[in-house]
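Here the structure comes first, spelled out in structure tokens, and everything after it is commentary.
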Amino acid sequence: MARHYPGGMPSPHDTLAPVISAAIAAAFGDEHRGADPVLRSSQFADLQSNAALALAKRLGMPPREVATRLVQALDVTGVCERVEISGPGFVNLTLADSWIAAMVQQVAEDPRLGVEVAPALVVPIDYSAPNVAKEMHVGHLRTTVVGDALARTLEHLGHRVIRQNHVGDWGTNFGMLVEHLLEVGESSEAARLVETDPNAFYQAARVKFDGDDGFADRARARVVALQAGDGETVRLWRSLYEMSKHYFNRIYAALDVTLTDADLAGESTYNDDLPGLCAELQERGIAVESEGALCVFLPGFTGREGKPVPLIVRKSDGGYGYGTTDLATIRHRVRDLDADRLIYVVGATQSLHLQMIFATARLAGWLPEDVEVVHVQIGNVMGEDRKLLRTRAGDSLRLMALIEEAVEAARGVLDEARPDLPESTRHTLAWQIGVGAIKFADLSVAHDSEYVFDLARMVSLTGNTGPYLQYAAARIRSIFRAAGLDASDPQARSIAVVEPAERALALALLEFGSVVRQVGADLGPHRLCAYLFELAQTFSAFYEVCPVLKAPDEATRQSRLALCAATFRVMEQGLALLGIATPDQM
RNA sequence: GCCCCCGUAGCACAACGGAUAGUGCAGCGGCCUUCUAAUCCGCAGGUUGCAGGUUCGAGUCCUGCCGGGGGCGCCA
């Protein structure tokens, strides 16, 4: 997009960084132009540059003197109203109110709110990946919610995102599951559990498998039949798949997740690729036979007793494991989808495995150097005992139940706070708020950190939560409703920055574009969560001290309306990038 | 045994190598005749697991130790 922001980007950091660099070059020579301007937010000013401290050593000059010369060469006319050197050589920068006002007005009039469109990359994102005929658990919740937020964000930045739902639809378990389906009958109540309560179905099959040798034998035979493409077995397998699709789609709809059937790219889709893939690896000497299995041994990967860890691509019985299909996904995404950047939103426990997959793909030439691959590690979900939370019989962690519980909690608060609203409205709002609460709880912690599962906290509607952000947005909409205006329209009113609360709010609004850009680069939606929470806090403080509709004069009223509208749109857009709804009212 | 991640306030979490380590919850104390009090304002709370090292500067980087989690040949 054309930069229509006077002097460059709306964010103070992006505006000042090149200015500092220019000053460094002017003061110390062009060879230092590339030095990091070390711009940071400051508690003593709006921003500070610590470049002088870093440069002092290289220049053989006292840092204080470096700072002095830097400031002498610095041209921040129109941007900063004050530049001060303090401490050992910090350069404190205070922005001019007039500059802030001009920039925030540009943001307010910008349909994209300062988010620039990046050069488009093709980005397949692997996320969610539930298992057929199995309940989705809290671990799936996380990769689903984080992956979906990344997909939305990258799309907004202009990339071509290709969602890849690598459903677990193949493997030895399916012998047991198909055999169980056959025994209970396809149209039986027991079979229907696949759609409504997959855990129950799975557990029933498991119990028979563990306790009935005859069944276990039939299940094993059924695996062979499935892999051999036996017609009836495949038909039953497909039936399980179809029922599970309904289950997935119910969850996705309940969670407001963008995945559709078109994004399904399960393990079985690669079945035909696996023999050839293995043959190629073997012919080229990348994979070798070991103990009957076809393995890739990579330098640097050792396990017990220093023995090399194999990546098994073909089992000794001739079957294929998930390593082989994972290799096939890379080859497919690079070769057929023309990917520039591969993203795997997968549990942290798969770290070693994926490293080996990536290394093997590089070795085989399926993953060229100019294609980036990232494992967005999803941290373990821990119980309150700090042990890994696992689904096993007795643990009632049905994802749908969790969603329902969150919605009910929101409903309770809503009934208390807004009994005046009609039933249908409260029904919709409770869903938006409850699901927003779950998603924000999931997104606001760094995706790779472990996560103590605490339902009460997730569902709590106070503090650093989704509902808090939604409430801030709803209050803005309420102001506009009272004025008979629409908060969603880009506003062309003149903005003045006078009160400290107005200044703080305007400053926060300038950062949206760079925060979104950073989320796209680092793949960390929690930064956007933190930003939006701070924006909501800043707005709430503004709301407290700056009357909008009852502003002292018409110019102030117009200015504050414009600030409110911009805040609303940033909130709504930011929440949308996270996959969180913005309720009309709360 | 080897490898990876983590250890920050009572709890849950932040902090591109930059000044006095932040935010929420919980606790204590204030503010509703005023655009929505699911809000806001204030107070208190810390030897960033321990010990060294690198650096002008370390929660952040390096080494060792302690503690927690995960992974390590035919489940996916």
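In what follows, every chain begins at residue 1, and chains take the letters A, B, ... in the order their sequences are listed.
- Per the geometry, NE2 belonging to A/His526 stands 15 Å off C1' belonging to B/G24, to the nearest Å.
- Of the candidate nucleotides B/G24, B/G18, B/G69, B/G24 has the atom lying nearest to any side-chain atom of A/Gln537.
- Nucleotides B/C25 and B/G67, compared at atom C1', are 26 Å apart to the nearest Å.
- A/Leu507 CG to A/Leu535 CG: the interatomic distance, rounded to the nearest 0.5 Å, is 11.5 Å.
- Rounded to an integer number of Å, the gap from CE of A/Met356 to P of B/C4 is 14 Å.
- In this structure, A/Trp237 and A/Trp170 have perpendicular ring planes: the angle between them is above 60°, well past the 30° mark.
- The salt bridge (charged side-chain N to carboxylate O under 4.0 Å, His left out) test applied to A/Glu502 returns A/Arg560, not counting sequence neighbours.
- Using atom C1' as the reference point in both B/A44 and B/C5, the two lie 34 Å apart (nearest Å).
- Sorted by first and then second residue, the salt bridge (Lys or Arg N to Asp or Glu O under 4.0 Å) pairs with a member in residues 429-438 of chain A form an empty list; sequence neighbours excluded.
- Comparing B/G24, B/C40, B/U20 by their closest approach to the side chain of A/Phe44 singles out B/U20.
- Side chains of A/Phe440 and A/Met458 form no contact here, defined as non-hydrogen atoms less than 4.5 Å apart.
- Judged purely by distance below 3.5 Å, without hydrogens or angles, the side chains of A/Asn173 and A/Tyr202 pair a donor atom with an acceptor atom.
- Atom CG of A/Asp415 and atom C1' of B/A38 are 14 Å apart (whole Å).
- Place A/Pro88 and A/Leu39 on RNA chain B by their nearest nucleotides, and A/Leu39 ends up nearer the 5' end.
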**Q.** Residue pair A/Asp210, A/Arg206: steps toward the salt bridge (charged side-chain N to carboxylate O under 4.0 Å, His left out) verdict
**A.** CA-CA 6 Å; A/Asp210 291 338; A/Arg206 186 86 234 172; 3.4 Å; yes
Q) How would RNA chain B look in dot-bracket form, 5' to 3', counting Watson-Crick and G-U wobble pairs with both distances under 3.5 Å and writing | for bases paired to another strand? A) (((((((..((((....[...)))).((((.........)))).....(((((..]....))))))))))))....
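- By the 30° and 60° cut-offs, the orientation of the rings of A/His166 relative to A/Tyr270 is tilted.
- The stretch residues 458-470 of chain A comes close to RNA chain B through A/Leu461, A/Gly463, A/Asn464, A/Tyr468, each having a heavy atom under 4.0 Å from the strand.
- Residue pairs satisfying the side chain to side chain donor-acceptor pair (under 3.5 Å) criterion with at least one member in residues 429-440 of chain A, sequence neighbours excluded, are absent.
- Rounded to whole angstrom, the span from the CD atom of A/Gln377 across to the P atom of B/G71 amounts to 13 Å.
- The distance between atom CD1 of A/Ile357 and atom P of B/C4, rounded to the nearest whole Å, is 19 Å.
- Residue pairs meeting the salt bridge (Lys or Arg N to Asp or Glu O under 4.0 Å) criterion with at least one partner in residues 43-55 of chain A, sequence neighbours excluded, are A/Asp46-A/Arg503.
- Atom name C1', nucleotides B/U63 and B/A58: the rounded distance is 15 Å, in whole Å.
- Side chains of A/Asp326 and A/Thr329: no donor on one and acceptor on the other come within 3.5 Å.
- Between the C1' atoms of B/U55 and B/C2, the separation comes to 32 Å (whole Å).
- Comparing the P positions of B/C65 and B/A21 gives a spacing of 31 Å, expressed to the nearest Å.
- Note on A/Ser449: every side-chain N or O is 4.0 Å or more away from OP1 and OP2 of B/G7.
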Q: Heavy atoms under 4.0 Å is the rule here; annotate nucleotides 29-37 of chain B 5' to 3' with B where the base is hit, S where only the sugar-phosphate is, and - elsewhere.
A: -----SBBS
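- Rounded to an integer number of Å, the gap from A/Leu298 CG to B/G71 P is 20 Å.
- Using atom C1' as the reference point in both B/C75 and B/U60, the two lie 39 Å apart (nearest Å).
- Atom CD in A/Glu534 sits about 8 Å away from atom C1' in B/U23, given to the nearest Å.
- Pairs engaging residues 407-418 of chain A under the salt bridge (Lys or Arg N to Asp or Glu O under 4.0 Å) rule: A/Arg411-A/Asp415, A/Arg411-A/Glu423, A/Asp415-A/Arg426, A/Arg418-A/Asp420 [sequence neighbours left out].
- The CG atom of A/Asn92 lies 7.5 Å from the CZ atom of A/Phe44; values are rounded to the nearest 0.5 Å.
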Could you run down the sub-3.5 Å N/O contacts of the protein with nucleotides 53-64 of chain B?
residue	atom	partner	partner atom	Å
B/C56	OP1	A/Lys57	NZ	2.0

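- Expressed to the nearest 0.5 Å, how far CD1 of A/Ile580 lies from SG of A/Cys529 amounts to 6.0 Å.
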Name each donor-acceptor pair under 3.5 Å that joins a side chain in residues 536-550 of chain A to protein atoms two or more places apart or in another chain, with its distance.
residue	atom	partner	partner atom	Å
A/Thr538	OG1	A/Glu534	O	2.7
A/Ser540	OG	A/Tyr468	OH	3.4
A/Ser540	OG	A/Ala536	O	3.0

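- Counting only residues at least two apart or on different chains, the salt bridge (Lys or Arg N to Asp or Glu O under 4.0 Å) pairs with a member in residues 50-68 of chain A are A/Glu65-A/Arg69.
- Within 4.0 Å of A/Leu311, counting heavy atoms only, lies no atom of the nucleic acid at all.
- You can call A/Phe90 stacked on the base of B/A19; the centres are under 5.5 Å apart and the planes sit within 30°.
- Put simply, NE2 on A/His447 is 11 Å from P on B/A14, counting in whole angstrom units.
- In this structure, A/Cys564 SG and A/Leu485 CG are separated by 11.0 Å, a value rounded to the nearest 0.5 Å.
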Sub-3.5 Å pairs of nitrogen or oxygen atoms, protein against nucleotides 72-76 of chain B:
residue	atom	partner	partner atom	Å
B/C72	N3	A/Arg304	NH1	3.3
B/C72	N4	A/Arg304	NH1	3.4
B/C74	O2	A/Ser316	N	2.8
B/C74	O2	A/Ser316	OG	3.3
B/C74	N3	A/Ser316	OG	3.3
B/C74	N4	A/Glu291	O	2.6
B/A76	O3'	A/Glu267	OE1	2.6
B/A76	O3'	A/Glu267	OE2	2.2
B/A76	O2'	A/Glu267	OE2	3.4
B/A76	N6	A/Tyr322	OH	2.8

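- Regarding the sugar-base torsion, B/C32 falls in the syn class, its angle being within 90° of 0.
- Between B/C41 and B/U54, the distance separating the two P atoms is 45 Å to the nearest Å.
- The gap from the C1' atom of B/A51 to that of B/A12 amounts to 29 Å, rounded to the nearest Å.
- For the residue pair A/Ser42 / A/Gln48, a side-chain donor-acceptor distance below 3.5 Å is found, with atom types taken as modelled.
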